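Keep in mind the model is a prediction, meaning the values are calculated, not measured.
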Amino acid sequence: QRIDEAKARADKAGDAAPAPGGLEEGGPLVIGWFGMLRCRWSLEVLDQLTRARPGRFRVVLRGRPALDVMEDFHAVIDANPDLSFLGPYAWPGDLPDIYGGVDVAWLIDRYQAGANSDWLLPNRLYEGCLNGAVPVVLDGTEVAVTLADEVLEPAGAGDDDVDAAL
């Protein structure tokens with residue numbers, strides 16, 4: 001039943017439009033990290049990524065940050081012009097707009113690396129895919145395995161053309 005709930009509703013989802021001002025419009029790649037924000041590793045990686053390539057990436061965060069885990073969450077956001085925290089959202093009504101405003105959805109969670117984080121299938125997997133956001137996952141996790149098994153169609157072993165493989 002894993003991804004079947006999302007597949008059952010996918011027919012109702014409209015065609016995904018490019019993120020306003022995002023990569024397809026010549027802007028930065030817009031990354032969305034939504035939901036329960038509790039992964040310090042993700043915050044650090046996204047902060048480092050945007051600082052290493054200013055203006056190349058923009059990260060939009062929505063949801064509820066776990067301030068007991070990331071006490072400096074707001075300070076990190078405030079110190080980086082390419083990170084934007086837009087607060088909580090109304091579920092499910094806001095999902096089309098928040099996922100429609102990004103190029104990719106950040107699904108990586110290392111909060112409990114080696115345990116729950118390795119085998120969880122987060123709501124943002126279903127929400128993002130249903131609303132047209134390309135998922136960003138970490139290899140070796142259950143969410144990566146699920147996408148590889150059920151959603152992605154790997155290129156054939158003989159494909160030499162990268163564009164055809166994509």
How long is the span from the [atom1] atom in [X] to the [atom2] atom in [Y], to the nearest 0.5 Å?
X	Y	atom1	atom2	result
I77	L86	CD1	CG	9.5 Å
L43	Q48	CG	CD	9.5 Å
R124	L95	CZ	CG	12.0 Å
L29	R56	CG	CZ	6.5 Å
L107	E127	CG	CD	9.5 Å
F57	L49	CZ	CG	4.5 Å

Is the side chain of [X] donor-acceptor paired with the backbone N or O of [Y] at a distance under 3.5 Å, no angle test?
X	Y	result
R64	M36	no
D82	G55	yes
N80	V76	no
R62	P88	yes
N131	Y99	no

Please give me the minimum heavy-atom distance between [X] and [Y], naming the atom from each residue.
X	Y	value
P135	C129	CG-SG, 4.2 Å
V137	I108	C-CG1, 3.8 Å
L61	V59	CD1-CG1, 3.8 Å
P65	H74	CG-NE2, 4.5 Å
L125	V143	CD2-CG2, 3.9 Å
F34	L37	C-CD2, 4.0 Å

Legend entry - Under the ring pair (Phe, Tyr, Trp, His ring centres under 6.0 Å) test, residues paired with F73 that sit two or more places apart: F85

Inset, instruction - Considering only NZ, NE, NH1 and NH2 on the basic side and carboxylate oxygens on the acidic side, decide whether R40 and D72 come within less than 4.0 Å. - result: yes

Legend entry - Stepwise side chain to side chain contact (heavy atoms under 4.5 Å, CB included) test for R38 and D68: CA-CA 9 Å; R38 63 180 172 218; D68 59 326; over 6 Å; no

Inset, instruction - Before giving the answer on side chain to side chain contact (heavy atoms under 4.5 Å, CB included), spell out for I31 and V136 the whole-Å C-alpha distance, their side-chain angles and the decisive distance to 0.1 Å. - result: CA-CA 9 Å; I31 302 167; V136 176; 5.6 Å; no

Legend entry - Any residue meeting salt bridge (charged side-chain N to carboxylate O under 4.0 Å, His left out) with D47, in chain and number order, not counting sequence neighbours: R51

Inset, instruction - Go through the side-chain N and O atoms of S42 and W33 and say whether any donor and acceptor fall under 3.5 Å apart. - result: no

